[in-house]
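Any value given below was found using the heavy atoms of this structure, including those in side chains, with hydrogens, waters and symmetry copies removed. The first residue in the sequence is number 1, and the count goes up from there.
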Amino acid sequence: GVCSINGTGTSVSGIGKDGKTIQVGGIGDITGDEAGGRFLSRKVVRKAFDEVMRFGKRTSLTPITLNLIGNTSEEQLMEDIVLVYSARKVDYNVLTVACFEEANKGDEVAIELLTEMADNLARSAASAVVRLDLGETPEVVLAGSVYVKGSCPVLVNEVKKRIDMYANKKCDTRVLTVPPATGAIIWAYELATLYHEAGMTAECLEECDDLVLWFSEGKYVYKAMELKMQYKPLTPLQHEKYMNRPGYTILSSRMRKTCR
């Protein structure tokens with residue numbers, strides 16, 4: 001499948017059925033990375049500057065921007081942008097959130113910014129789709145805070161529509177609904193299971209220990225502990241975690257012995 005990241009920055013990665021991998025973008029606007037929260041906030045500032053100084057379209061984003069950087073006069077605007085916004089003395093996320101909120105209210109400029117960003121994201125994701133063997137209905141996952149927390153549906157809806165358009169096929173595109181680390185945890189457990197099935201005991205135990213160390217708790221952490229107990233007892237700390245897992249009632253006598 002393909003994963004499109006849209007958080008502080010943006011990048012696209014994918015892996016095909018044959019194991020072939022691809023990355024599209026991730027090194028800046030030179031590779032079309034015109035998305036992400038930081039990028040969107042800069043575009044909001046640009047649109048505010050355009051309205052005030054360059055005959056730009058009126059937008060409700062302008063007073064929000066001017067208030068954030070403490071601007072009170074046209075003459076001071078460029079200096080305030082440099083000394084306050086560019087110097088990172090304000091939280092750019094305020095403008096990112098504002099763009100979604102004003103788009104929900106029907107602000108044309110805000111909607112245009114989200115649509116422009118959607119097009120950039122879709123081009124990169126579709127590029128990965130057409131270069132990989134992903135079957136009849138390619139899966140595309142949209143991950144990152146801008147996708148997940150954006151309050152206006154314009155961005156996600158446009159991304160889905162444009163991925164299909166550029167890839168020239170219907171894709172199964174959806175927003176990630178679980179924590180991003182979930183995939184890594186599942187992959188780590190699957191790798192430990194493969195080592196177990198292949199009789200590679202040392203590698204299996206190492207993978208189980210690493211999974212517990214890095215992720216501490218959760219369904220697959222406890223499954224890794226149980227896999228490890230087929231070979232050797234848990235460490236005292238692992239045993240404590242396992243015995244205090246949510247929903248624990250009583251262990252089988254065999255499992256209790258293994259834990260000791």
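Salt bridge absent: Lys20 and Asp133 never bring a charged side-chain N and a carboxylate O closer than 4.0 Å. Under a 4.0 Å N-O distance rule, the pair Glu116/Lys43 qualifies as a salt bridge. Between Lys160 and Asp164 there is no salt bridge, since no side-chain N of the basic residue sits under 4.0 Å from a carboxylate O of the acidic one. Checked for salt-bridge contact, Glu226 and Lys223 miss the test: no charged N lies under 4.0 Å from a carboxylate O.
Interatomic distance, Asn93 CG to Arg38 CZ, rounded to the nearest 0.5 Å: 9.5 Å.
Pairing each heavy atom of Gly36 with each of Val146, the nearest pair is C-CG2, 4.2 Å. Closest of all the heavy-atom pairs between Cys204 and Ala192 is SG-O, 3.5 Å. Across Val140 and Cys171, no two heavy atoms sit closer than the pair CG2-CB, 4.2 Å. When all heavy atoms are compared, the tightest approach of Leu227 to Cys208 is CD2-SG, 3.8 Å. Here the closest heavy-atom approach between residue Ala126 and residue Tyr166 is recorded as CB-CB, 3.5 Å. Counting all heavy atoms, side chain and backbone alike, Gly37 lies closest to Tyr92 at C-CE1, 3.5 Å.
The backbone N or O of Tyr242 sits less than 3.5 Å from a side-chain atom of Arg245, completing a donor-acceptor pair. Between the Asp33 side chain and the Gly25 main chain, no donor and acceptor come within less than 3.5 Å of each other.
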Applying side-chain hydrogen bond (donor to acceptor under 3.5 Å, both in side chains) to Ser151 and Asn104, what does each step give before you reach the verdict? CA-CA 8 Å; Ser151 62; Asn104 271 328; 3.2 Å; yes
What pairs of donor and acceptor atoms, side-chain ones from residues 48-59 against any protein atom, are under 3.5 angstrom apart with sequence neighbours left out?
from: Asp50; atom 1: OD1; to: Arg46; atom 2: NE; distance (Å): 3.1
from: Asp50; atom 1: OD1; to: Arg54; atom 2: NH1; distance (Å): 2.6
from: Asp50; atom 1: OD2; to: Arg46; atom 2: NE; distance (Å): 3.2
from: Glu51; atom 1: OE1; to: Thr59; atom 2: N; distance (Å): 3.0
from: Glu51; atom 1: OE1; to: Thr62; atom 2: OG1; distance (Å): 2.5
from: Lys57; atom 1: NZ; to: Glu112; atom 2: OE2; distance (Å): 2.6
from: Thr59; atom 1: OG1; to: Leu61; atom 2: N; distance (Å): 3.0
from: Thr59; atom 1: OG1; to: Asp107; atom 2: OD1; distance (Å): 3.2
from: Thr59; atom 1: OG1; to: Asp107; atom 2: OD2; distance (Å): 2.9

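Leu40 is listed as a side-chain neighbour of Leu113, based on a closest heavy-atom distance under 4.5 Å.
Because its NZ or CZ atom is not both nearer than 6.0 Å to the ring centre of Phe39 and within 45° of the ring axis, Arg42 does not count as a cation-pi partner of that residue.
Linking ILVMFWY residues whenever their side-chain heavy atoms come closer than 4.5 Å, directly or via other members, places Ile185 and Trp214 in the same cluster.
Donor-acceptor pairing under 3.5 Å is lacking for the side chains of Thr201 and Tyr195.
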